[in-house]
Amino acid sequence: MRVLLIGSGGREHALAWALARSERLEKLYIAPGNGGTGALGENVALDVSDHDGVADFCTAHGIGLVVVGPEAPLVAGITDRLRAAGVPVVGPSRIAAQLEGSKAFTKALCDEMGIPTAAYGKFTALAPALDYLETRGAPIVVKADGLAAGKGVTVAATRDEAEAALRACFDGAFGDAGAEVVIEECLVGEEASLFALCDGESIVLLPPAQDHKRAFDGDEGPNTGGMGAYAPAPVMTAALVDRAAREIIEPAIRGMAARGTPFTGVLFAGLMITAEGPKLIEFNTRFGDPECQALLMLLESDLLDLLEATATGALSTVSPKWRHDFALSVVLAAKGYPGAYAKDTVIGGLDTIGSDDVVVFHAGTRREGDAVLADGGRVLNVVARGATVAEARQRAYDAVAAIDWPDGFCRRDIGWRAMAGTD
Ligand code: AMP
Ligand code: GLY
């Protein structure tokens with residue numbers, strides 16, 4: 001089969017790596033790909049915002065499956081165009097992608113289906129939002145409704161901080177994404193990520209994962225796209241996974257189907273494990289990055305079979321096998337990330353790394369001759385597998401030590417919650 005994979009990050013390098021292990025893969029195209037994906041397939045400079053152009057590419061190249069990595073093309077409706085052209089695609093329709101694209105949309109579905117989530121109010125003007133704030137007090141969470149590249153959420157410790165966040169939204173700090181604002185109860189507990197492949201009706205759960213969103217050790221500093229992840233996350237016991245599936249993921253899938261807008265693709269539930277049980281923080285409609293990198297190190301089954309079943313409504317016929325190991329990914333980012341950072345710095349030492357249990361995925365790199373150059377904020381993901389979290393972590397950090405990149409940094413404590421009490 002010929003496959004087109006859309007995206008350019010570490011998630012997409014990991015997806016390319018796992019797809020390339022399939023005996024059924026005839027040819028892989030990655031649009032646009034990065035300095036790592038070119039070794040596994042052909043990087044193509046397609047404009048993914050031009051949906052007609054992508055559909056034409058699929059027809060011209062006999063593409064049998066399209067896998068969409070990031071959220072932006074999903075929210076823009078690329079899958080609707082591809083399905084209209086008869087191309088099987090992993091990813092939700094434009095409407096179903098609103099589960100990621102609009103927090104108010106998700107909250108309405110939670111209300112409709114009784115999905116446990118933070119209590120909330122939804123506002124399109126400052127004055128009623130400030131009134132609501134007075135009645136709720138702090139701590140409280142202020143969210144721009146639309147996609148804001150992870151920057152639209154303020155967990156406000158004080159009322160003043162919440163007011164400043166509200167004013168920023170309504171002053172246009174997030175453009176259209178902030179025209180509507182959700183104010184919600186601050187949930188307390190440990191966070192976890194649960195992913196499900198969905199074909200509209202059936203779901204297949206992946207092992208639970210946990211990521212580290214803050215830039216610095218000890219979960220300090222600014223929010224990022226994710227500085228590391230591991231799976232399975234011990235906080236998610238089998239009973240909690242079961243409960244989250246029954247109370248959160250399955251009702252969402254049923255609700256979307258009942259509305260006549262079934263969800264297909266990857267449903268990513270960001271959960272808070274509260275004293276009352278798992279509650280939904282947010283849905284995303286794609287694999288998490290860098291959770292995906294760790295999860296794919298645990299997958300024994302053929303990813304192409306699984307994704308094809310997702311795209312063609314055949315998930316009830318598959319049951320993937322996972323290794324009984326742990327996998328952990330450490331993100332190497334350019335110094336300064338998530339603020340301003342330098343590009344084109346030289347990365348060395350990559351040739352010395354790589355074994356059955358350790359893989360380096362490229363997240364933001366490009367090649368110039370034999371050189372690998374940094375080309376983004378999050379630049380590399382070192383992913384390792386082990387019989388315990390501690391073993392996976394040791395292997396990952398040993399590999400990090402072999403990378404020669406003075407312009408990068410990483411967190412040194414990925415997996416600390418899982419290690420607490422075992423050190
Ligand atoms: P999001 O962009 O929705 O993933 O939010 C980013 C981060 O903000 C989450 O990973 C949580 O750490 C935090 N957060 C979001 N909503 C809440 C909430 N209702 N209560 C506590 N923390 C939250
Ligand atoms: N790592 C979280 C995300 O991909 O949104």
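First listed ligand is number 1; within each ligand, the first listed atom is number 1. Owing to the predicted nature of the structure, the values given are computational and were not obtained by experimental measurement.
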(message) Does any N or O of ligand 2 fall below 3.5 Å from an N or O anywhere on R286, backbone included?
(response)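 Indeed, backbone or side chain, R286 has an N or O that close.
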(request) Please determine if G225 has a nitrogen or oxygen closer than 3.5 Å to a nitrogen or oxygen of ligand 2. (result) yes
(request) Specify the closest pair of heavy atoms between A16 and T37, including all atoms of both residues, with the distance to one decimal. (result) CB-CG2, 4.5 Å
Could you tell me whether [X] and [Y] have a side-chain N and a carboxylate O separated by less than 4.0 Å?
X	Y	answer
D111	K107	no
E134	R159	yes
D357	R385	yes

Within a distance under 4.0 Å of any heavy atom of [X], pick out the atoms of ligand 1 and give their elements.
X	value
E185	18 (C), 19 (N), 20 (N)
K143	3 (O), 15 (C), 16 (N)
E184	16 (N), 17 (C), 18 (C), 19 (N)
C186	20 (N), 21 (C)
K213	10 (O)
M272	21 (C), 22 (N)

(request) Compute the centroid of each ring, for Y132 and then for F123, and state whether the two points are separated by less than 6.0 Å. (result) yes
(request) Identify which of V188, V155, N223 has a heavy atom lying nearest to atom 14 (N) of ligand 1. (result) V155
(request) Only heavy atoms count here, so choose which of V153, V182, I140 is nearest to atom 5 (O) of ligand 1. (result) V153
Under a 4.0 angstrom heavy-atom cut-off, which atoms of ligand 2 come close to [X]?
X	answer
G288	4 (O)
E291	1 (N), 2 (C)
F268	3 (C), 4 (O), 5 (O)
D211	1 (N), 2 (C)

(request) Any chance you could lay out the salt bridge (Lys or Arg N to Asp or Glu O under 4.0 Å) test for R412 and D217, step after step, and finish with the verdict? (result) CA-CA 6 Å; R412 294 276 153 201; D217 286 9; over 6 Å; no
(request) Return a yes/no value for V141: is any of its N or O atoms, backbone included, closer than 3.5 angstrom to an N or O of ligand 1? (result) no
(request) Determine whether the side chains of T264 and R83 contain a donor N or O and an acceptor N or O closer than 3.5 Å. (result)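 Yes, because at least one side-chain N or O of T264 sits under 3.5 Å from a partner of the opposite role on R83.
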(request) Check the side chains of Q210 and E291 for a donor-acceptor pair under 3.5 angstrom, ignoring hydrogens and angles. (result)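 Judged by distance alone, the side chains do not pair up.
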(request) Count the heavy atoms belonging to other residues, nucleotides or ligands that lie under 6.0 Å from CD of E112, then report whether that count exceeds 12. (result)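 Yes.
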(request) Validate the cation-pi geometry between R2 and F57: distance from NZ or CZ to the six-membered ring centre under 6.0 Å, angle to the ring axis within 45°. (result) no
